[in-house]
Structure formats: structure tokens, C-alpha cells
Amino acid sequence: MKSVSKHLQLLRPTWSYFFSSLASPSNEPASRLLNLCYQRDLPRAMSLLDGMEKRGIRADAITYSELIKCCLAHQAVTQGRRIHHHIFSTGYPPQTFVINTLLNMYVKFNLLEEAHTLFDEMPERNVVSWTTMISAYSNAKLNYRAMRLLVFMFREGVMPNMFTFSSVLRACERMCHLKQLHSCILKVGLESDVFVRSALIDVYSKLGELMEALNVFREMVTADSVVWSSIIGAFAQHSDGDEALYLYKSMRRVGFLADQSTLTSVLRACTSLSLLELGRQVHVHVLKFDQDLILSNALLDMYCKCGSLEDAKFIFNRMAKKDVISWSTMIAGLAQNGLSMEALNLFEFMKVQGPKPNYITILGVLFACSHAGLVNEGWNYFQSMKNIYGIDPGREHYGCMLDLLGRAGKLDDMVKLIHKMNCKPDVVTWRTLLDACRAHQNVDLATYAAKEILKLDSQDTGAYVLLSNIYANSKRWNDVAEVRRAMRVKGIRKEPGCSWIEVNKKIHAFILGDKSHPQIAEINGQLNQFISKLTGAGYVPDTNFVLQDLEGEQREDSLRHHSEKLAIVFGIMSFPREKTIRIWKNLKICGDCHIFAKLIAKLEQRYIVIRDPIRYHHFRDGVCSCGDYW
DNA sequence: GTAGGGTTAG
């Protein structure tokens, strides 16, 4: 008996199908259609649909939904429009669910106008219809339209859900709107939804309100790895690497696993803090995602910015896929690390084998020319960017060209270019001119440039300091006193030079005049010994870089304790000879420290890398990668 | 049927 009932059970669907097809014979093609959709057989499904249309047969909502999925899988726009036509031609009013599916199809095909027309014609729009359109506009960065739709949605009395809020938040550009949205989210009790939460964190961060982002994060009762990634990314993008790394450690401690996005932000934090050793540890976790282009680019950038070009080249060469960012990162990385010719060769190779260069690629190329003193090549590349790639030069490109001319001492050409620029000169423009005037001892032009800077920003420390140094170099002590008086009156102080070095996973900071380091006496003693040894070998301190109008020994004394010298000596004391000494600092290296680093690298047979806010110096065997041109 | 986080310069 048991086996008979088992057989009957097996037969039951067949019988029910038989009876149902007797009762409604027109359903049979619809079921066949659904099967074809499941098989993703679009041609046969479409021909069946044509037959159904002629006989006035319609399918159910699930079948239409599957048919549209089939079109999306085949990227078949024409067939999608045919289905749209069919749904409205059978004489039955389509369900909202079915129209929403069509709406979604047009959005996925990036046909927003067609989607919007259909949306306008819908007899009834539910929360999914509204959210589909809002999300489409947010994705397309048509933020105003997305926000406006939310208002219309409220007016029609449709309540947004968590999908709506996480979509519309991305379109929010103003703090007042964000505050309103946030209140609304709290009011309807959606703040614990992880999608809404991560979107809130992201928008607060994009609008520069990091503390608000942190508040949203801290108030959470719910979390997932994306919420963690959002807050880590927020700090990493705002150059607060310390907080980003602290949050990453907390994330690991509470048991969440880092994925590609998290690791990308963590690498960015390592990059901003120049933490090569930590970066290498993160690299181990990155290995399991080696197909992820964004993550690989972040890794490449980390090695470039931490001054380890061997690792950067290794990563670049074995990346299976490279995009314009990979190429631009490598070109700029080579240029910033003093390998200008390699950077330009790579750019030539990119022109043949790589993607089309963009605005940032050209910046790296011009930077390479500027730091190698290649004036003619720089001009050629500058002109070709518009002619060949259709890229209009921006403020940064002009900046590189001015830098190039300035380093080569072509001050008149600099002034001509400033007047020809298609944008108004800003503080950076004038500072480049001022810097060139200092290097080439042009006091009158320097005064002009400094005044232009102070017209734009009366508190600009750099202008005062550079002007003071220029006067000091020309021994115009009265003018120096005048500049310093102005600085005192306005309460402007020179930013103290600061250098950092990582020893045994600890960051050691050295600030000019600061004696707080526990080993400072030992470091100073060692430094004095080195200076004596170097002086015996012909080292003469270059006092052109002292702000104060001091004379003789006092001027040397001030230079003697520049933070990078202390960091170098500490590095020598802490590391074995074969370990690279890596230092990063907040200001550009001065000429005297540059000479000192070259000589000490030779004397002690050390490899020293110093990263300043713009570029890198690799000191080895008495020479620097910048070729003394920075 | 509708949703969230990541890369190059400055």
C-alpha cells in the first residue's frame, strides 16, 4: 500500500497539471515560457511570447519577471522593449509588481528617460517604484532629481523604507538636507538598519563631518563588515590614518573579517602614515584577493609612497589587469622617487600598450619632467595633452610647468606663463614663483610674489618664511626684521620641522628644539660625532636655510638640530647596517640636511629614504636619487 | 521588483 501511495504522490503534480490545463488551456504556453526563461533560452521565449500575443494570452507576474531577467542576462534591450509592449497589449491592466520589474530593467540598461516615462505612466506607484527611480538617479549622480523624487514620494503619501533611505542618502549634498534625512530615519526607526547606517556614515564623511560619522557608528546596536569598512574608509580618506588603523584593529578584535574594501582603506592609512612594515603585513591579507583591481592599485600606491620601488615594480608587473589608475600611480611613483626617466619611458610604453592617459597621468609625466629638469620635453608633453588626448590643462598642470621653469631658473618664462593661464593664479601659483626666486636669488620678484600671496591669504606662513629667508640670504637684515615683526603682530609662527621614523613597530617623532625623546642626549652626542667626522671630510654646513638672522656658529647650531638629522642618527643607532632607514617629514628637506644625508649615507654605508610632502629622496653611497634637483 | 563601504594628484 505504501508503495502505491508513494507513486500516487509522484503522479499528483502531473494530474493536477492535466486538470488545470483542461480548465484553462491558455496557461500551457505560459508555463512553457517560464521553463524557457529558467533555461535562459531567450530566442525561443520571444517567439513563444509573439504567439501568445497573437492569441491574446498573458503570463503571470512571475513569468514576466523571469522573462525580463532573461533579457537582462542577455543584455537584450530590443527584446526588453518587446516585452514591455506585450505586457500592455494583452488588454489586462498589469500589476504594479510587473511594471516595477520593467522599470528596473530600463534602469539596469541605463535608459533613465524610458524608465521615467514608464514611471510617470504608472497607474499606481508603490515604495519599490519610487525607490527604483531614486536609486537610479543617485547612481547616475543626478542628485537633485533623486532628492526631488523623495519629496514627491512623501506628497503622494508613500512611506520610504530602508532601501529608499540608503539610496537617497548617496544623493545628499548638503548638511541641512542630511540632518533632515537623519531625523526622518530616527523618527521611523530605521537607524539600526546596517545599510542605512553605513550610508549615513559615508555621507557625513563625504560632507566633512567625521565626528558625526563616528557618532552614528558608535551609537550602533547593529553592525556588519560594511559598517566597519565605512567608518575605517571615512578616516582613511580624511588622512587620519591613526584612527583608521585603530578602528581596523577594533574590527578584527570583535571578530569581523576584513574584505577587499576594508583592506583598501587600511592600505591607504598605511600610505598616509608611511608605515611600510605594517603595509607589508597587510599585503599578506591582500594576497587572497589578487584579482581585485582597486585593492591592487592601493597596494601599488602604498609601496610607491613608502618609497619601496622594488616592491611597487614587482606588484605592477604581475598585475593581471591594469587600468589608467595603475599606470598613473606607477608613473607618479617613479617620478616622485627620483626615477624620472623610467617614469617617462613607462609613459611612452603606456601610449602603445596601455589605457588612454587621463588628467592625473599627465600630472605625473609633467612632475617627472620638472624633477629631471627636462624643460623641452615638459613643454612637448604639456602641449600634447590638449592636442592628442583632448585634456585641458588644469591648475595642477600649470603648477608643474611653473615648477619646471622655476627649477631651471627661467623666472621670466614663469611670469609669462602665469599671465597666460586659463585660471586665476592662486596661493600655490605664487608660492611656486616665490620658491623659484629663493633658489635663484631674485629678491624683487620674490617680494612681488609674496605680496600677491598675502593679498590672497594674509596669514600665509610659507610666504613670510620664504621672504624672510630670501632677505636673510641677501643680508638685508632690516627687511628680515620687518617680516618677522609682521609675523609677530599677526601671531604667525613657522610650522616646526618634524620627522618621524618607525622603529620596532613604534613611531618616534623628532621636532626641532624638542628634547622630549628619551634618548635625545645620546642622539645629540652621536650627531655631534658624525658632524665632526664629516667636517673633517670637508662638510660645510649650508646656512642658507636658517630663518633667524643669526651669525656664524649660532646659525650652524640651529641647523645642527633639524629634525631629519636627529631621525637619521636615531635610525643609524637603532638599525643594523643592511636595514633601510625610512623617515618621513612635514616640510621639504633643507639643503644642509640634504648634504648631510648624502655624506652620512656614504660614511656609514647606509640606505636612507626621506619622504617629504611632495617627493622622496633615496640617499645611497653619497648621492641622492633627486640628483640634487628638488 | 528597490539599498550600503574601497584606488591615482592637489
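What you see is a predicted model, and the numbers here were worked out from it, not measured in a lab. To find a chain, count down the sequence lines: A is the first, B the second, and so on, and within it residues start at 1.
L295(A) comes within 4.0 angstrom of a nucleotide base, judged by non-hydrogen atoms across all strands. Using a 4.0 Å heavy-atom cutoff across all strands shown, S230(A) reaches sugar-phosphate atoms only and no base atom. Counting any heavy atom pair closer than 4.0 Å across all strands shown, T262(A) reaches a base atom. Counting non-hydrogen atoms under 4.0 angstrom, R268(A) reaches the backbone sugars and phosphates but no base. As judged by a 4.0 angstrom heavy-atom cut-off over every strand, K305(A) is placed among residues touching the sugar-phosphate backbone only. If you check every strand for non-hydrogen atoms under 4.0 Å, V98(A) touches nothing. Counting any heavy atom pair closer than 4.0 Å across all strands shown, V196(A) reaches no nucleic acid atom. Using a 4.0 Å heavy-atom distance criterion, S328(A) is classed as a base contact.
Residues satisfying the side-chain contact (heavy atoms from CB on, under 4.5 Å) test with V127(A), not counting sequence neighbours, are T131(A), M153(A), V158(A), N161(A), T164(A).
No side-chain donor-acceptor contact under 3.5 Å links D301(A) and T271(A). Side-chain atoms of D60(A) and T63(A) form a donor-acceptor pair, as typed in the model, at a separation below 3.5 Å.
Closest contact between the side chain of I360(A) and the listed nucleotides dG4(B), dG6(B), dA9(B) involves dA9(B). For T264(A), the side-chain atoms get nearest to dG6(B) when compared with the rest of dG6(B), dG4(B), dA3(B). Of the candidates dG5(B), dT7(B), dA9(B), dT7(B) carries the atom nearest the I294(A) side chain, counting heavy atoms from C-beta on. Side-chain proximity of N161(A) to dG6(B), dG5(B), dT2(B): nearest is dT2(B). For V194(A), the listed nucleotide lying nearest its side chain is dG4(B); candidates were dT2(B), dG4(B), dT8(B). Distance from the side chain of S135(A) is smallest for dT2(B) among the nucleotides dT2(B), dT8(B), dG5(B). With dA9(B), dG5(B), dA3(B) as the candidates, the nucleotide lying closest to the side chain of S229(A) is dG5(B). The side chain of V226(A) lies closest to dG4(B) when the candidates are dG10(B), dG4(B), dA3(B).
Considering only side-chain N and O atoms, R170(A) lies under 4.0 angstrom from the phosphate OP1 or OP2 of dG4(B).
A cation-pi arrangement, defined by a distance under 6.0 Å to the six-membered ring centre and an angle within 45 degrees of its axis, is present between K322(A) and F316(A). Under a cutoff of 6.0 Å and an axis angle of 45°, R125(A) and F119(A) form a cation-pi pair.
Whole-Å rounding puts the F316(A) CZ to dT7(B) P distance at 19 Å. One atom, CE of M162(A), and another, C1' of dG4(B), lie 13 Å apart when rounded to the nearest Å. Straight-line distance from the CZ atom of R395(A) to the C1' atom of dA9(B): 14 Å, rounded to whole Å. Residue L72(A) contributes atom CG, which lies 10 Å from atom P of dT2(B) at whole-angstrom precision. Between the NZ atom of K108(A) and the C1' atom of dT2(B) there is a distance of 9 Å, rounded to whole Å. The nearest whole Å value for the distance from the CD atom in Q291(A) to the P atom in dT7(B) is 20 Å. With rounding to whole Å, L247(A) atom CG is found 15 Å from dG6(B) atom P. As a whole-Å value, the separation of W327(A) CH2 from dT7(B) P is 22 Å.
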- Would K585(A) and R611(A) count as a side chain to side chain contact (heavy atoms under 4.5 Å, CB included) if you check the C-alpha gap in whole Å, the side-chain angles of each, and the deciding distance to 0.1 Å? CA-CA 6 Å; K585(A) 53 172 299 168; R611(A) 167 185 179 178; over 6 Å; no
Requested in this report: Start with the C-alpha gap between Y381(A) and F347(A), add the side-chain angles, then the distance that decides, and say whether side chain to side chain contact (heavy atoms under 4.5 Å, CB included) holds.
Outcome: CA-CA 11 Å; Y381(A) 284 124; F347(A) 179 60; 3.6 Å; yes
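Between the base of dG4(B) and the side chain of S166(A) there is no donor-acceptor pair shorter than 3.5 Å. Residue side chain N297(A) does not reach the base of dG6(B) through any donor-acceptor N/O pair under 3.5 Å, judged by distance alone. Between the side chain of D259(A) and the base of dG6(B) there is no donor-acceptor pair of N/O atoms closer than 3.5 Å.
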